[in-house]
Amino acid sequence: MASFKPTQIPDLPKLGEKITEDTLYWKNYKAPVQIKEFGAVSNIDFSPVSPHNFAVTAFTRIHIYGPFSQEPVKTFTRFKDTAYCGRFRSDGQLLVAGCEDSVVRLYDVGGKAALRMYKGHTKAVHVADFTTGRYQILTASDDYTCRLWDIPNAVELTAYQEHTDYVRCGVTSKLNRDLFITGSYDHTLRVFDSRTEKSVMTMDHGQPVESLLLYPSEGLLVSAGGRYVKVWDLLKGGQPLVSLKNHHKTVTCLALNSSGQRLLSASLDRHVKVYNTTNYKVVHNFDYAAAILSLGLAPDDESIVVGMTNSILSIKHRKNLEEPKETSKPRRRPSYRVFMKGKNFVPKQDDYFVSKPARQHLAKYDKQLKRFNVSKALDTALEAWLRRKKPEVTVAVIKELDRRGTLKNALAGRDEEQLSRLLCFVIGNFFDTRFTPVLATTAEIVLDIYQCVIGQSAVIDRHLIHLQKLLEKEIYYQKDLMEILGMLDTMFAFSLLRKETAVAGLPECHTAAANVEIFKIVFEQSTCLYT
Amino acid sequence: MVEYGDIRVVYRGGSKINFRKPVISNDSRFLLCASGESVKVFSSVTEECVHELRGHTGQVTGVLLRPSNHLQVYSCSTDGTVRLWDFTDGILVRTYVVGYPVYSIYASLNHKEVVFIVTPVQSDKRTELFQLVAVNLPQTPDQLVEARDLSAVLSDVSSNPSTIAFGRGGEYLASVNNLKMEIYFFKKNKSYSFSLREYTKNGGKNTFTCIACHPKDDCVATGHDDGKIRLWRNFKQKKEYTYSTLHWHHSAVSSLCFTPEGTNLLSGGVESVLVQWRYNQENQKDFLPRLGAAITHVTVSPDGALFSTSHSDNKITIIQSCVKVSAVIQGLVKGENVTTGLLVDPRSKALVLNGRPGHLQFYSLQRDKLLFHLDIVQQEYIHEAGLEQFEVVRAAFDASGLWLATVEERKQKSAELELNLKLWSFDEQTQSFVLNTTVSAPHEARITAMCFSQAADSQTTTLVSASRDGHFKAWQLGLPAHTDDEGPSWSCDFVGAYHGLVPRCCCFSADGSLLAVGFQEVVTVWNPTSWELLTTLSQPPGDVRNLCFGQLSCSKYLLGSNNKKMVCCWNLLTCSLEWSTSMDVSLLLVDSRSENMAAFCCQDGSTDLFVFKPSEPRPLFSQKAVCSGRVIHAVFTPREVMLESSEESSQWLNRSQLYFLTEFMDLLTFSTKAEEEKLMASSKQLVIDDTVAMTPFYLLLGKHRHEHLGNEESAERTPLPQSSVAIKELLQTPAHVLPATSFLCSMFAKSLLISVTETSHHCFLSSSVSVVQISHSLYRGALSLTFSGVFWCKSYKEFKFYPLKIAS
């Protein structure tokens with residue numbers, strides 16, 4: 001006597017994005033805090049010292065926010081025009097910012113008025129940064145120059161005039177106080193050494209360069225411009241390593257996470273993409289409401305701050321994992337003794353074993369199927385939590401009933417409430433491709449059985465009309481897809497034809513129909529050639 | 001060397017054991033059933049076949065215990081004889097020649113030395129009419145007896161043996177046929193007939209299917225086509241009969257049986273549920289569900305302890321009093337259609353083919369025994385006629401036996417085809433196949449062929465499946481895509497097509513470097529690593545039916561046969577046709593151990609076999625008319641021990657054996673004379689000691705026996721006259737400390753035997769008679785004496801019941 005074989009719940013392929021460690025990590029952020037700024041947020045810079053405040057440059061102001069505050073802790077407003085690129089020094093004491101009026105201002109983080117003003121540029125200064133030596137400032141401007149300034153004396157030390165277009169980005173080396181790199185709209189990246197007169201290395205990005213990023217080891221340089229993100233190996237003399245094209249609008253900003261394992265790029269296409277720095281594959285993607293201009297990542301990835309063109313600053317904080325543990329008390333489990341009771345009994349030599357047959361545990365619907373209670377089994381499978389949480393179980397039971405040839409019996413004889421529940425389930429899951437074949441037969445049988453009661457209940461009628469509308473929509477989609485497929489086929493055929501004609505040396509033809517005909521002939525000829 | 005080479009076709013394994021009702025011996029230790037041209041005696045405990053009673057030349061159609069001697073059994077056959085056997089020793093006692101084909105046999109205690117047989121009516125040429133005939137068996141000591149004393153009892157009976165039953169130890173006999181029941185009283189010599197209308201009001205069919213008579217009461221139970229059971233009473237008068245109806249079965253009742261005391265009625269049908277009805281309390285019933293397949297016969301042992309059910313899947317289940325299945329005797333399952341073909345499991349060397357619905361059966365050819373069933377579909381089988389269920393249609397093993405691929409399909413009338421491709425990996429721990437991957441809907445249409453890459457040493461193996469949708473797909477074992485997946489699973493690697501033609505067959509070369517796919521009339525050769533089309537081989541028109549690569553030294557050849565009666569051999573080095581010949585080959589297969597190939601040709605109703613090497617023009621072996629009908633599947637199975645034969649025509653059988661399946665589902669093979677001799681020699685040595693059941697009582701007594709054995713050995717060593725010691729031991733020790741007499745008997749008898757030689761059997765007989773007369777319960781021990789010679793055994797049996805009769 002064989003035991004009852006329970007209904008098989010198929011292990012269906014999971015739809016949607018795949019769950020990886022990265023998705024788990026990057027999804028573990030709270031809902032964003034949104035702060036309205038006065039204009040487009042052009043730059044975000046985190047203070048390198050605790051408590052890691054961050055400076056947000058927007059329109060004519062620079063706001064400094066604390067790590068958890070929604071109000072700015074400090075505001076710098078003494079700009080004549082739009083401010084650019086407010087950045088902290090490595091000790092977090094000083095802050096430098098460029099401005100549309102070509103003056104570079106230096107502030108004490110505690111003070112209000114500018115400590116120093118550096119005048120010399122003739123056009124807007126979009127780049128300002130401290131060098132590692134702590135006493136010099138790098139600036140780059142739309143007048144095609146980049147300059148080094150002495151902080152205490154406010155004197156220009158050197159000026160480089162090698163770029164032939166606006167210089168919009170630049171970074172200083174954290175390891176060498178003399179090295180800095182600038183990127184310009186003339187498509188080039190230039191590495192400068194302040195000890196020499198000229199740039200020491202030039203790389204061609206191919207697009208106006210918008211952002212630069214140096215790896216902590218400073219062996220690799222990342223540049224963003226146009227739709228491309230490119231990685232350069234500086235130690236190999238600026239050799240291009242990878243070119244990434246994952247955005248469909250200009251990439252505006254780059255960031256590296258605290259471990260240095262993930263690279264983030266933000267773009268005007270409203271996405272932030274996370275790359276793995278070993279294979280440069282996109283591992284995660286964030287969506288935002290508007291085009292992104294600036295991006296900042298707090299140390300230890302505690303928060304992600306994004307500034308957008310619609311002057312909204314979005315701050316996402318990491319979820320704290322400790323919180324739920326404190327609230328829920330661990331339930332006391334039965335002691336170890338309970339489980340071990342009688343398990344360590346050692347039988348004597350002459351003892352006769354009486355084996356107890358293992359009881360087969362069956363789900364409720366399986367028990368009902370075993371007794372051939374088909375209607376009840378379907379009712380059980382349509383219980384609220386099962387049909388919502390595990391629709392595959394419900395579908396598997398319906399399929400099993402169909403296999404047994406009793407689906408019609410199970411579906412028949414239902415009242416309004418039961419029928420509407422069934423129709424709800426069918427409508428909800430009809431276009432899940434995994435369930436469609438089963439639910440289509442179910443819907444057919446339901447229509448066959450309950451044809452006569454249409455018009456008697458408003459609820460049922462509403463459901464049926466909904467189902468009909470859904471079907472019409474789906475048919476329309478399918479038609480569209482078929483058309484696209486046909487277009488694609490023609491295009492593929494055409495592109496293949498070019499190649500084949502080159503081989504076979506046949507004259508080109510112009511009409512699409514003739515192309516396809518020739519393609520067939522060419523293919524047959526080439527297969528003949530093979531033989 | 002002896003001259004071998006006499007090759008003949010023999011039936012191998014898998015004869016039907018569910019053809020007729022089995023018989024359980026009086027002591028419930030043996031179960032006898034008709035199986036082809038012999039009667040098989042199975043042990044009801046160990047499920048082993050103890051004896052095979054051979055001698056009939058036609059199909060055995062009935063087995064019956066002799067009412068006057070429960071150690072003897074009658075068997076009847078279509079060859080027109082009734083034979084009497086001693087089944088414990090497996091000896092033919094007597095043959096009664098009736099002269100007409102016998103379809104079933106009955107006997108009762110009231111009619112001594114008379115058996116009732118069903119034979120066709122001779123006067124009528126049509127064979128549909130049968131009559132029940134009483135045969136007087138003449139009591140002569142001859143081996144071969146003519147039994148011509150026939151007298152007709154009933155005419156117009158059914159040839160189905162379950163439609164006739166004897167009531168109350170033979171007072172009356174009841175027979176049903178279609179819609180009529182006839183009850184014949186022997187004393188009154190009168191028969192009453194009762195008939196039913198064809199359809200009841202509800203439309204159920206009233207046709208009788210089987211009958212059973214209550215052993216104590218005047219009650220007859222009949223089964224009907226619509227699943228009803230009717231209990232007929234008071235049928236001694238024609239007018240005043242009554243019947244009550246029991247209804248549980250949803251389709252025809254195939255078998256009915258009363259327990260020997262008449263307390264219960266057993267019934268079975270296509271539902272594969274054994275139903276036990278309480279007699280007189282019919283609303284109480286017990287069920288034993290899910291017995292595996294439709295029940296065809298139900299029998300009860302004479303002591304009522306064991307039930308046995310025969311099933312449509314060639315299986316006999318032994319059940320202990322409707323509670324527990326204690327043993328299952330399983331023969332080779334033969335469905336209507338073997339769709340998977342014959343396969344050989346490379347690991348166990350077992351033959352693999354469709355078994356029960358949704359299962360694959362593994363059948364050991366060496367031991368002629370079904371090893372196990374592998375559940376492929378893993379769904380509850382609903383026993384209902386007309387229900388479309390999943391069926392295993394294709395299966396393939398890889399070269400190492402590590403992977404098994406199966407395809408199951410279910411076709412409904414309206415809905416689309418449901419296909420599942422399953423890949424099973426062999427688990428060393430459980431020693432069975434474990435499901436690895438399920439691919440639902442691998443193709444859009446039926447799969448026509450499937451094969452694994454045969455290279456044994458390659459790390460990754462490839463599976464290729466060809467389908468009617470015009471594509472073939474290559475499947476490969478890939479690493480898990482996610483971190484949370486358990487292990488590697490199979491996924492599609494390549495989809496190939498050729499001009500929208502339908503691929504019919506596919507084949508890998510021996511080293512796995514080439515794949516040949518036959519697309520209707522074109523053979524394409526592909527490279528399985530880069531999946532590029534290497535070449536196409538066109539041939540004279542005709543759809544390619546079979547394709548196979550040569551082996552070993554002939555691996556440069558590719559052979560194909562088509563439906564226009566052509567066999568072609570291509571040389572793959574030159575990509576040209578090497579030779580072709582006109583033969584209507586239905587099946588072409590290759591021996592993996594040698595270069596040999598076998599081709600089965602179908603010609604006007606019979607099949608010819610050619611065995612050849614692709615490189616040689618002359619066939620190695622050919623036989624016309626191997627069997628009647630088409631050969632549908634065949635396979636070469638490697639031998640465990642190589643034969644050494646110098647004869648040229650039988651050399652091809654040295655390394656492997658050729659098994660084939662005809663369209664009548666007969667499994668046949670070729671055997672040489674040397675092999676048969678070897679088999680005969682080994683079967684003689686076969687000794688089975690399973691006559692005592694393993695009960696707690698046996699365990700207690702077994703210890704005694706072992707002690708005794710030790711005593712005997714020491715006794716034999718002493719030169720003293722043991723006989724006197726044994727007799728003294730037996731007679732002088734108090735009776736209550738002695739073990740069972742049956743154990744002492746053998747010792748006692750042996751002590752008497754000590755001086756007896758071969759020449760003095762007859763003088764010993766008198767003493768053995770005295771042994772038997774001491775206590776008839778001793779005969780069991782005396783049986784174990786190792787005498788040879790039929791005569792003694794026969795006469796001994798005669799003696800055995802002599803004292804019994806005196807006692808009664």
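These figures come from a predicted structure and were not determined experimentally.
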Would you find more than 12 non-hydrogen atoms of other residues, nucleotides or ligands less than 6.0 Å from [X] atom [atom1]?
{"X": "A:Met487", "atom1": "CE", "result": "yes"}
{"X": "B:Glu444", "atom1": "CD", "result": "no"}
{"X": "A:Lys376", "atom1": "NZ", "result": "no"}
{"X": "A:Lys399", "atom1": "NZ", "result": "no"}
{"X": "A:Tyr477", "atom1": "OH", "result": "no"}

Hey, what do you get for CG (B:Asn420) to CD (A:Gln8), rounding to the nearest 0.5 Å?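 Result: 8.5 Å between the selected atoms.
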Side chains of B:Arg290 and A:Lys370: does their closest heavy-atom pair fall under 4.5 Å?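 With C-beta onward as the side chain, the pair touches.
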Which one wins on heavy-atom pair count under 4.5 Å against chain A: B:Glu388, B:Glu418, B:Arg410?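 Most heavy-atom pairs under 4.5 Å with chain A: B:Arg410.
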N/O donor-acceptor pair under 3.5 Å between B:Glu380 side chain and A:Lys5 backbone: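 Checked: pair present.
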So what's closer than 4.5 Å to chain B heavy atoms on A:Glu400: side chain, backbone, both or neither?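 The answer is the side chain of A:Glu400.
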Quick one: what part of B:Val377 sits under 4.5 Å from any heavy atom of chain A, side chain, backbone, both or neither?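 It is the backbone, since no side chain atom gets that close.
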Restricting to non-hydrogen atoms, name the atom on B:Phe390 and the atom on A:Arg403 that form the minimum distance, rounded to 0.1 Å.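 Where B:Phe390 meets A:Arg403 most closely, the heavy atoms are CD1-CD, 4.3 Å.
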